[in-house]
Amino acid sequence: MNYFEKCESIGDNLFIDWCNKTKYFSSIERQPLLSRVDWICKDNAGHVINCELKVRNTLKYSTIFIEPDKYVNLISLWNDKGIIPLYINFCGNECIAFDLRKCKVNDVGEVRIWDGSNNCYKMVNRFSLNVEDGDKYINGCKVK
């Protein structure tokens with residue numbers, strides 16, 4: 001299993017556990033590995049939701065990065081097809097879920113990140129989301 005497959009597998013397991021605990025969705029469907037959207041789901045009201053997952057080492061910062069192309073893709077699918085965009089970040093038993101329709105996005109420009117696949121730092125462009133705009137869960141229970 002390569003680096004990306006391992007990351008996707010960890011995210012999938014955390015997502016399935018979160019789904020089972022929250023009962024947020026009536027159905028979930030995994031998309032092909034490394035797709036533009038990780039999961040397409042339906043909520044209990046029948047709304048279609050695109051879920052993009054990210055596994056992090058911590059959720060303790062006031063902002064969370066999102067790749068600009070992921071954000072643009074999810075928002076475009078909302079604007080074009082009405083598919084609700086969720087960006088779900090996991091760290092162990094904690095989760096912050098962003099409904100991107102309701103979040104302020106900030107273009108932070110170029111930032112230095114760790115590239116786990118190449119074991120080095122690199123400079124990339126990123127947007128950021130304010131953590132306070134997301135819904136926080138611990139062990140599947142929503143907290144304030």
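Only this structure's heavy atoms are used, side chains among them; waters, hydrogens and symmetry mates stay out. Numbers here are sequence positions counted from 1.
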Using modelled atom types and a 3.5 Å cut-off, is there a donor and acceptor pairing between side-chain atoms of Asp99 and backbone atoms of Arg101?
yes
Can the ring centroids of Trp39 and Phe25 be said to lie less than 6.0 angstrom from one another?
no
Side-chain donor-acceptor pair under 3.5 Å between Asp115 and Asn118, yes or no?
yes
Is it true that Arg30 and Asp12 have a side-chain N and a carboxylate O under 4.0 angstrom from each other?
yes
Distance-only donor-acceptor check, side chains Trp114 and Asn119, under 3.5 Å
no
Between the main-chain N or O of Glu29 and the side-chain N or O of Gln31, is there a donor-acceptor pair closer than 3.5 Å?
yes
Can Glu132 and Lys104 be counted as an ion pair, charged N to O under 4.0 angstrom?
no
Taking Arg126 first and then Asp107, would you say they form a salt bridge - that is, a charged N and a carboxylate O separated by under 4.0 Å?
no
Is there a donor-acceptor pair under 3.5 Å between the side chain of Ser117 and the backbone N or O of Tyr3?
no
Does Asp135 form a salt bridge (Lys or Arg N to Asp or Glu O under 4.0 Å) with Lys142? I'd like the steps, not just the answer.
CA-CA 7 Å; Asp135 291 325; Lys142 192 172 177 180; 3.6 Å; yes
Between Asn50 and Ile83, is there a donor-acceptor pair closer than 3.5 Å when you use the side chain of the first and the backbone of the second?
no
For the pair Asn20 (side chain) and Ile16 (backbone), establish whether a donor and an acceptor sit closer than 3.5 Å, ignoring hydrogens and angles.
yes
For Lys23, is there any backbone N or O sitting under 3.5 Å from a side-chain donor or acceptor partner on Asn44?
yes
Applying the 4.5 Å side-chain criterion to the ILVMFWY set and letting contacts propagate, would Ile88 and Ile40 be lumped into a single cluster?
no
Taking the side chain as everything from C-beta on, heavy atoms only, tell me whether Tyr24 gets closer than 4.5 Å to Tyr137.
yes
